[in-house]
A.B. asks: 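Structure incoming, see below.
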Amino acid sequence: MKKYSDLSPSPRIIMTPGPVEVDPRVLRALSYPILGQFDPEFTALMNETMEMLRDVFRTSNRWAYPVDGTSRSGLEAVLTGLIEPGDRVLVPIFGRFGYLLAEIAERCGADVATIEQEWGTVFDPNDVIAAIDRLQPSLVAIVHGETSTGRLQPLADIGRACRERDILLVVDAVATIGGVPVETDAWQLDAVVGGTQKCLSVPSGMSPITYNDRVEARLLRRKRIEKGIRPEGYADDDPSAFIRSNYLDLTQLQEYWSPRRLNHHTEATAMLYGLREGLRLALEEGLDERFARHRLHERALVAGLLAMGLELYGDESCKMPVVTCVCIPAGVDGEAVRSRLLADFGIEIASSFGPLKGRIWRIGTMGYSCRKSNVLLTLAALEAVLPLHGASIRTGAAVRTALGAYGETTVHSA
Ligand SMILES: *Cc1c(COP(=O)(O)O)cnc(C)c1O
């Protein structure tokens, strides 16, 4: 019989835009004994998780719960529930994940209209609003933190414009939730999809979502009450009446998360322990303190990179605080550098997609990975490795400069 070795993943310093390192408290939570999904002890944990999600999403929405599956399950659940075949959907695209929203909307049978912004920048909200008025969509889907380019799209003006025109606004906040402010209610976002494996520092496998009454009303309108009975507003033979997914049907999922607890799937109980602990950690730290921590380590990382003479990619005014994109110096094989960082230092940084492949590295500072020792070690490792791969950088200053950004003063010797 073939013998398989014991599982022993190497310890890593994960400085990517996800998945990132997980707090030991979350790892511990994942290993606790299983409770049945209707055990009152477990349903109490579900309710607490909903409460904590409302705080993290900064919303008073009734519905805030995780969908089981990676973040795209949350995106797909929301879009599948809201889009009826033929609906006009506008997707403003400024990076790779915008294309994902457009693709999902298309699979839902939407009449998808896209507008595109040069990668490395974001939209002037007025341009999105002008497109809304020109294209008259019933729904707008947009990314908040575009991890492929490291840019952060301001949403408040777009939210207000959509509300005034009675258009639903769906936001991919997968990479920002828990690391950068996401103001669901203040920005008038109708549905927001978050991720676990990024700034919440929980393993991949759940997607926390929240949505308001406007979204719920749209979902319930499509709910097939009983076989053969069409909801109000639909003809008997109208195929758009019901949601074309069972697993991702939010009308069923919300029944399961409501006190009625109507059976749907078997809840991923161990993952829920992990998510609950991740949320508890975020709220214990304090959201504002957590955002400030992400800013602090970003500043130190950027200061160190610039001290090496490296150049950052993209428009600085809309940089995501939790992802830093670095231009790969001319003549340097970006993948060889990444491999050596991993092999010799146990440090993982990311490459990028499409037109940016081979042109930039992306360094994440998210969640539990976002800490001083990780930032300093990443800078030290890059400084050591880059000259071996033909980059002419300034050496000797990166770590000292980063320490300066942490407020430590250098004592000059005579
Ligand atoms: C990571 C990411 C996703 C996809 O998440 P999965 O968990 O891999 O499904 C979607 N949108 C953005 C902006 C992301 O950064």
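Just so it is clear, the values below take in all heavy atoms, side chains as well, and ignore hydrogens, waters and symmetry mates. Every number for a ligand or one of its atoms is a count from 1 in the order of the listing.
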A.B. asks: Any side-chain heavy-atom pair from Pro92 and Gln117 closer than 4.5 angstrom?
C.D. replies: no
A.B. asks: Report yes if the side chains of Ile177 and Leu200 come closer than 4.5 Å at any heavy-atom pair, otherwise no.
C.D. replies: yes
A.B. asks: If you count every heavy atom of other residues, nucleotides or ligands that lies below 6.0 Å from Asp213 atom CG, does the total exceed 12?
C.D. replies: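 No, not enclosed.
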A.B. asks: Identify, by atom number and element, the atoms of ligand 1 in contact range of Ala175, meaning under 4.0 Å from any of its heavy atoms.
C.D. replies: 15 (O)
A.B. asks: Is it true that atom CD of Glu311 has more than 12 heavy atoms of other residues, nucleotides or ligands lying nearer than 6.0 Å?
C.D. replies: no
A.B. asks: How close does the nearest protein non-hydrogen atom get to atom 4 (C) of ligand 1, and which residue and atom is it?
C.D. replies: Phe97 CE2, 3.9 Å
A.B. asks: In this structure, is the centre-to-centre distance between the rings of His264 and Trp257 below 6.0 Å?
C.D. replies: no
A.B. asks: Atom 11 (N) of ligand 1: which of Thr176, Asp172, Leu101 has the nearest heavy atom?
C.D. replies: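 Looking at heavy atoms only, the winner is Asp172.
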A.B. asks: For Glu408, is the CD atom crowded, meaning more than 12 foreign heavy atoms sit under 6.0 Å from it?
C.D. replies: yes
A.B. asks: Does Ile34 reach the side chain of Phe42, with side-chain heavy atoms less than 4.5 Å apart?
C.D. replies: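 A side-chain contact under 4.5 Å is absent here.
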A.B. asks: Can you tell me if Pro17 has a non-hydrogen atom under 4.0 Å from ligand 1?
C.D. replies: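 It does not, in that no heavy atom of Pro17 comes within the 4.0 Å cut-off of ligand 1.
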A.B. asks: How far is atom 9 (O) of ligand 1 from the closest protein heavy atom, and which atom is that?
C.D. replies: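 Looking only at protein heavy atoms, the one closest to atom 9 (O) of ligand 1 is Thr70 OG1, 2.7 Å.
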A.B. asks: N/O to N/O below 3.5 Å, does that happen between Thr147 and ligand 1?
C.D. replies: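 Yes, Thr147 has an N/O under 3.5 Å of an N/O on ligand 1.
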A.B. asks: List the atom of Asp68, the atom of Glu267, and the distance in Å for their closest heavy-atom pair.
C.D. replies: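 In this case the closest contact between Asp68 and Glu267 is OD2-OE1, 2.9 Å.
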A.B. asks: May I ask you to test the Thr80-Ile243 pair for a side-chain heavy-atom distance under 4.5 Å?
C.D. replies: yes
A.B. asks: Checking a contact table here: which protein heavy atom is nearest atom 13 (C) of ligand 1, and how many Å away?
C.D. replies: Gly145 O, 3.3 Å
A.B. asks: Are any of the heavy atoms in Gln197 under 4.0 Å away from ligand 1?
C.D. replies: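 Yes, Gln197 has heavy atoms under 4.0 Å from ligand 1.
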A.B. asks: Mind checking whether Glu146 contacts ligand 1 via backbone (N, CA, C, O), side chain (CB onward), both or neither, at a 4.0 Å heavy-atom cut-off?
C.D. replies: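 Near ligand 1, Glu146 shows nothing, with every heavy atom at 4.0 Å or more.
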A.B. asks: Give the numbers and elements of all ligand 1 atoms closer than 4.0 Å to a heavy atom of Ser71.
C.D. replies: 5 (O), 6 (P), 7 (O), 9 (O)
A.B. asks: Just distances here: any N/O of Ser204 and N/O of ligand 1 closer than 3.5 Å?
C.D. replies: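 In this structure, Ser204 places no N or O atom under 3.5 Å from an N or O of ligand 1.
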A.B. asks: List the closest protein heavy-atom neighbour of atom 1 (C) of ligand 1: residue, atom name, distance to the nearest 0.1 Å.
C.D. replies: Lys198 NZ, 1.4 Å
A.B. asks: For ligand 1, is His144 a contact, meaning one of its heavy atoms is under 4.0 Å away?
C.D. replies: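 Not so, His144 does not reach ligand 1.
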